[in-house]
Amino acid sequence: MSLPIAPILGILSDNLRKRGSVLPLSKRTATGWARGLGLPRGGETILYTGQMYQMIPALEVMSAQMAALENSFMTRFFGIGRVFNKFVNLSFFMSLSASSEKKRHSNQVLRDIAGLLREAGVEFGYLYEEELYAGALVHDEGMDEVFANHARRVAERLKKQGVRRLITVDPHTTNILRQVYPRYVKDFDIQVQSYLEVLAEAHPEATEPVNGEVVVHDSCVYARYEKMFDQPRELLRAAGLAVRDPELSGKSSHCCGGPLESLFPAEAHRISGARVDQLEAKGKNVVTMCPICKVNLSKAAGNRLIIHDIATTLAACRRQAAPNG
Amino acid sequence: MLRASSELAARMKEAEGFNAWACFHCGTCTALCPLGYEILPRKLFREAMLGLEDRVRASIPQIFSCLLCRMCEENCPAEVHIAENIRTLRYLINRQEFGLK
Ligand code: SF4
Ligand code: SF4
């Protein structure tokens, strides 16, 4: 059994069309992470968050509420929810109850990413409230026309801002902008790279070993869609860590179950539980590179594992290795 | 009785990116899929290509369950674009069944 598919997809699609995102966020939630960093507004090279990290705290609240509804008589009211959502942004109310601790954590990951790039000598700007969600979820669910319209809107905005290169922070935004946009948007020729690729290209100097060991959980999208699995390992090793691979890693990585969260929460837990067992066999500290993987594995792991975001891990190692740091 | 719909079969033929015809039914994909549903993805494609509309309709939860993780695709000897094929099915269902575009 599942949650009712059509009304939920309808809500996502209505939100993207009317409000520019599947999960519309306040300006403060979307851009608050950059406060005090002094990132220039705009420019040819942009750090493009795609708002995924910022959505995670609200998504967590929503998925807990949805999981409680799965298989309950309440599911029949989702149709009414969709009608209501057309007028009032339902997800806004859900995001109000997201914990501030989790919001702080998401923001810190983005701040760490910006810090790592700066340290590597990369110059970039940020679009602040001009930045839009890139549309991956709507494309995944097969709502191609809504997606295509949105992609054109994003592309137009980037063009107007004179953007030539995007540095992305999560696998889904990387893939959708790099592989999918060129198929839907005529003459889309903006260069797209993940910050992990950018950092690896900058060849970070190896620091002193920090006496730590991490198990790497590859994202399906980075590993199989983007063939990107060496770079995170190189970066972790250069930061002084010993890297361990679980059973099923690199291009054979096992999914975290995250893509199922919004429609089939119970199934998502089964998949993430299986992955937690594989990771646990290799160590306690797990490094992820996608906010969806992180939230889903953390939920399934409870106290069994400590799930980190790779940006936080890399930044912590550099701080530890830095003199006076 | 199963209702075969030539319309569904024709749509599958037209759908851009749908290439399940290359499949020779080795079963690798189903064996590797973390979901472990018998129907995903091999049988589902066959039903869609034959235009067995009612069967495809009954499989809507499985179609929307697919993680698009490409574990199957990475190991498919016939290079079938499995995840994109499933996305194509979602697109057709969204339009035909759910009235979504
Ligand atoms: S692995 Fe490829 S060829 Fe084998 S059954 Fe699956 S789709 Fe067909
Ligand atoms: S892409 Fe879908 S069918 Fe293929 S292995 Fe992943 S969940 Fe299974």
Side-chain angles (χ1 to χ4, degrees), chain A residues 1-14 17 82 136-149 172 175 179-180 183 218-221 223-227 248 250-264 266-268 270-272 274-275 278 292, chain B residues 8 11-12 14-19 28-29 31-41 44-45 48 56-77 79-101:
Chain A
M1 260 298 280
S2 69
L3 292 162
I5 299 170
I8 294 179
L9 295 185
I11 289 174
L12 298 176
S13 137
D14 294 340
R17 264 187 301 136
R82 183 181 175 199
L137 184 57
V138 165
H139 178 259
D140 283 354
E141 299 297 6
M143 292 181 281
D144 290 17
E145 280 152 42
V146 175
F147 169 74
N149 286 334
H172 298 269
N175 172 257
Q179 315 285 351
V180 184
R183 300 210 313 262
D218 289 280
S219 121
C220 299
V221 176
R224 282 190 283 273
Y225 285 61
E226 296 296 332
K227 313 284 177 229
L248 299 178
K251 65 184 172 53
S252 301
S253 187
H254 187 288
C255 185
C256 69
L260 282 182
E261 266 300 320
S262 49
L263 292 173
F264 305 88
E267 269 307 86
R270 182 169 70 83
I271 307 283
S272 53
R275 184 53 166 170
Q278 294 164 10
I292 298 176
Chain B
L8 177 65
R11 274 171 187 266
M12 302 304 336
E14 278 165 20
E16 204 187 321
F18 192 87
N19 77 336
T28 307
C29 49
L32 290 175
C33 174
L35 288 169
Y37 301 150
E38 205 217 334
I39 187 162
L40 270 186
L44 172 69
F45 293 156
V56 172
R57 196 175 287 121
S59 304
I60 285 177
Q62 285 80 3
I63 295 169
F64 282 89
S65 293
C66 169
L67 300 151
L68 306 181
C69 73
R70 289 199 184 171
M71 183 68 126
C72 50
E73 190 166 327
E74 186 67 37
N75 294 284
C76 167
E79 296 182 8
V80 176
H81 306 146
I82 298 174
E84 188 56 23
N85 291 346
I86 290 180
R87 243 189 37 76
T88 304
L89 275 170
R90 287 180 182 173
Y91 173 68
L92 294 174
I93 291 164
N94 282 336
R95 285 184 70 109
Q96 254 176 269
E97 294 288 310
F98 299 158
L100 294 167
K101 292 180 181 173

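These numbers come from a predicted model, not from an experiment.
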Determine, stepwise, if the pair Arg224(A) / Cys69(B) fulfils side chain to side chain contact (heavy atoms under 4.5 Å, CB included). CA-CA 8 Å; Arg224(A) 282 190 283 273; Cys69(B) 73; 3.9 Å; yes

I'd like to know which of Arg95(B), Glu74(B), Arg70(B) tops the heavy-atom pair count under 4.5 Å against chain A. Arg70(B)

Could you list the residues that satisfy side-chain hydrogen bond (donor to acceptor under 3.5 Å, both in side chains) with Asp140(A), not counting sequence neighbours? none

Looking only at atom types and distance, does a side-chain atom of Arg270(A) sit under 3.5 Å from a main-chain N or O of Leu35(B), one as donor and one as acceptor? yes

Out of curiosity, Asp144(A) CG to Thr88(B) OG1, how far, rounded to the nearest 0.5 Å? 7.5 Å

Rounded distance [0.5 Å steps], CG in Leu248(A) versus CG in Leu32(B): 9.0 Å

Can you tell which part of Glu73(B) gets under 4.5 Å to a heavy atom of chain A, answering side chain, backbone, both or neither? neither

Let me confirm one number: the CD-CZ distance from Glu141(A) to Phe98(B), rounded to the nearest 0.5 Å. 10.0 Å

Against chain A, label Leu89(B) side chain, backbone, both or neither, depending on which of its atoms sit under 4.5 Å from a heavy atom there. neither

So which part of Ser219(A) gets closer than 4.5 Å to some heavy atom of chain B, the side chain, the backbone, both or neither? neither

Contacts of Glu79(B) meeting salt bridge (Lys or Arg N to Asp or Glu O under 4.0 Å) (sequence neighbours excluded), chain-then-number -> none

Between Tyr225(A) and chain B, which part of the residue has a heavy atom less than 4.5 Å away: side chain, backbone, both or neither? both

Side chain to side chain, Cys220(A) and Met71(B), heavy atoms closer than 4.5 Å: no

Nearest heavy atoms of Phe264(A) and Pro61(B), plus distance in Å: CZ-O, 3.2 Å

Shortest non-hydrogen contact from Gly142(A) to Arg87(B)? CA-NH1, 3.7 Å

Which value, rounded to the nearest 0.5 Å, describes the distance between Ser13(A) atom OG and Leu100(B) atom CG? 6.0 Å

